[in-house]
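What follows is one structure encoded as structure tokens, with my remarks underneath.
Ligands are counted one by one from 1 in listed order, and the atoms in each one are counted from 1 as well.
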Amino acid sequence: MINQAPVITIDGPSGAGKGTVSQIVAEKLGWHLLDSGALYRLLALAVSHHGMSTDDVETLQVLAEHLDIQFTHNDEGKIDIVLEGEVVTQAIRTEEVGNSASKLAAIPEVREGLLLRQRAFAQPPGLVADGRDMGTVVFPQASVKVFLTASAEERAERRRLQLEQKGAEVDMQELVKTIKERDERDANRSVAPLVPATGALVIDSTELTIDQVVEEIISEARKAGYC
Ligand SMILES: Nc1ncnc2c1ncn2[C@@H]1O[C@H](COP(=O)(O)OP(=O)(O)OP(=O)(O)O)[C@@H](O)[C@H]1O
Ligand SMILES: Nc1ccn([C@@H]2O[C@H](COP(=O)(O)O)[C@@H](O)[C@H]2O)c(=O)n1
């Protein structure tokens with residue numbers, strides 16, 4: 001047995017709403033939350049900060065296993081993500097870091113290096129795990145698995161709104177292109193490609209509100225006896 005705490009996995013492509021709904025579902029259930037994409041993004045930022053080559057995969061694996069990461073509560077009651085002593089909560093959220101993370105994520109040694117760190121998040125009373133391979137590789141024993149998707153255009157539109165709220169200027173054509181490239185890379189890599197886990201409930205959120213998606217997942221959790 002890999003772990004004993006119940007796990008709900010929520011996988012899917014970029015911008016499908018995984019992070020948003022995972023956080024709400026975890027809060028409703030009073031469970032822990034794993035944002036596995038943040039780990040890949042943190043690694044990408046560390047590689048860039050240290051000016052490391054991505055060709056030396058053994059060193060990358062060691063860095064992934066030992067990367068100094070902390071998730072701490074700040075004065076506003078929100079989570080700060082701290083990498084090697086520096087708060088990088090916003091810095092890891094750029095499209096550039098997302099793209100670098102996606103390139104690193106295709107390296108088997110990097111995935112291996114992060115595997116046990118991810119599994120360690122499965123603690124009582126339970127875990128909601130958000131990513132690309134949560135249901136297929138990291139927590140294959142999870143009894144509630146969700147694959148959350150939406151059209152590339154809708155996901156780009158959501159990302160545009162998100163970036164503009166932060167004051168960024170957005171080239172929509174470029175954004176759709178970047179999202180499609182990242183989808184392509186994540187879905188076609190040789191290790192842990194982005195595919196729905198066997199038995200996963202597939203939710204297409206293109207026409208759904210956040211509340212509707214959350215309700216579908218809570219309903220699955222209820223069927224599993226988790227609430
Ligand atoms: N069903 C929905 N309807 C409208 N907007 C949504 C919906 N779900 C999420 N959003 C919005 O879309 C944006 C992207 O969502 P989110 O960051 O949760 O996606 P994600 O799948 O976690 O992306 P990534 O994998 O790149 O981190 C957010 O601004 C969020 O509020
Ligand atoms: N379980 C995971 C999670 C993420 N990735 C890769 O990281 C990139 C960034 O993830 P976000 O969810 O924060 O956008 C993503 O594009 C994936 O390449 C992964 O491989 N497995």
Side-chain angles (χ1 to χ4, degrees), residues 7 9-26 33-45 47 64 81 88-115 117-119 121 128-140 142 145-166 168 170 175 178-195 197 203-217:
V7 178
T9 61
I10 305 183
D11 290 307
S14 174
K18 304 178 304 295
T20 308
V21 303
S22 295
Q23 191 174 349
I24 301 172
V25 170
L33 176 66
L34 167 60
D35 172 3
S36 62
L39 301 182
Y40 287 91
R41 285 171 182 265
L42 286 160
L43 186 67
L45 202 60
V47 166
I81 303 179
V88 294
T89 319
Q90 298 303 326
I92 60 166
R93 294 298 164 195
T94 64
E95 288 303 297
E96 193 190 345
V97 174
N99 251 322
S100 307
S102 158
K103 287 177 189 160
L104 282 176
I107 301 172
E109 288 80 357
V110 163
R111 307 199 73 84
E112 189 60 33
L114 290 177
L115 187 61
R117 296 187 78 145
Q118 295 173 85
R119 287 188 177 151
F121 279 79
V128 180
D130 147 20
R132 303 291 188 291
D133 62 342
M134 297 296 98
T136 50
V137 175
V138 182
F139 301 110
K145 296 182 184 182
V146 174
F147 189 84
L148 181 60
T149 187
S151 71
E153 288 69 23
E154 172 64 19
R155 289 185 284 121
E157 178 59 16
R158 291 176 188 172
R159 189 65 83 213
R160 180 182 71 78
L161 288 172
Q162 210 177 22
L163 290 168
E164 286 183 351
Q165 275 164 10
K166 290 181 193 161
V170 178
L175 192 57
T178 315
I179 283 184
K180 285 186 174 169
E181 276 173 9
R182 184 133 73 98
D183 287 353
E184 177 86 4
R185 197 182 304 120
D186 288 347
N188 292 310
R189 64 187 174 213
S190 61
V191 276
L194 172 66
V195 285
I203 303 177
D204 184 338
S205 73
T206 310
E207 306 282 340
L208 299 179
T209 64
I210 293 171
D211 285 350
Q212 285 172 321
V213 175
V214 168
E215 195 36 57
E216 277 205 48
I217 298 172

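Of the candidates Asp133, Val110, Leu114, it is Asp133 that places a heavy atom closest to atom 1 (N) of ligand 2. Closest heavy-atom approach to atom 3 (C) of ligand 2 among the candidates Ser36, Ser100, Gly135, Pro193: Ser36.
The nearest heavy-atom contact from the protein to atom 2 (C) of ligand 2 is Arg132 N, 3.4 Å. Considering only non-hydrogen protein atoms, atom 21 (N) of ligand 2 sits nearest to Arg111 NH2, 3.0 Å. Nearest protein neighbour of atom 13 (O) of ligand 2, counting heavy atoms only, is Arg41 NE, 2.6 Å.
Every atom of ligand 1 with a heavy atom of Leu208 under 4.0 Å away is listed here by number and element: 1 (N), 2 (C), 3 (N). Listed by number with element, the atoms of ligand 1 under 4.0 angstrom from any heavy atom of Pro13 are 21 (O). Here is the list of ligand 1 atoms found below 4.0 Å of a heavy atom in Ser14: 23 (O), 25 (O), 26 (O).
A donor and an acceptor atom, one from each side chain of Thr209 and Asp211, are nowhere located under 3.5 Å apart. For Arg93 and Gln90, the side-chain atoms include no donor-acceptor pair closer than 3.5 Å. Judged purely by distance below 3.5 Å, without hydrogens or angles, the side chains of Asp186 and Ser102 pair a donor atom with an acceptor atom.
In terms of polar-atom proximity, defined here as any N/O pair under 3.5 Å, Gly17 does make such a contact with ligand 1.
Taking a 4.0 Å cut-off on heavy atoms, Gln23 fails to register as neighbouring ligand 1.
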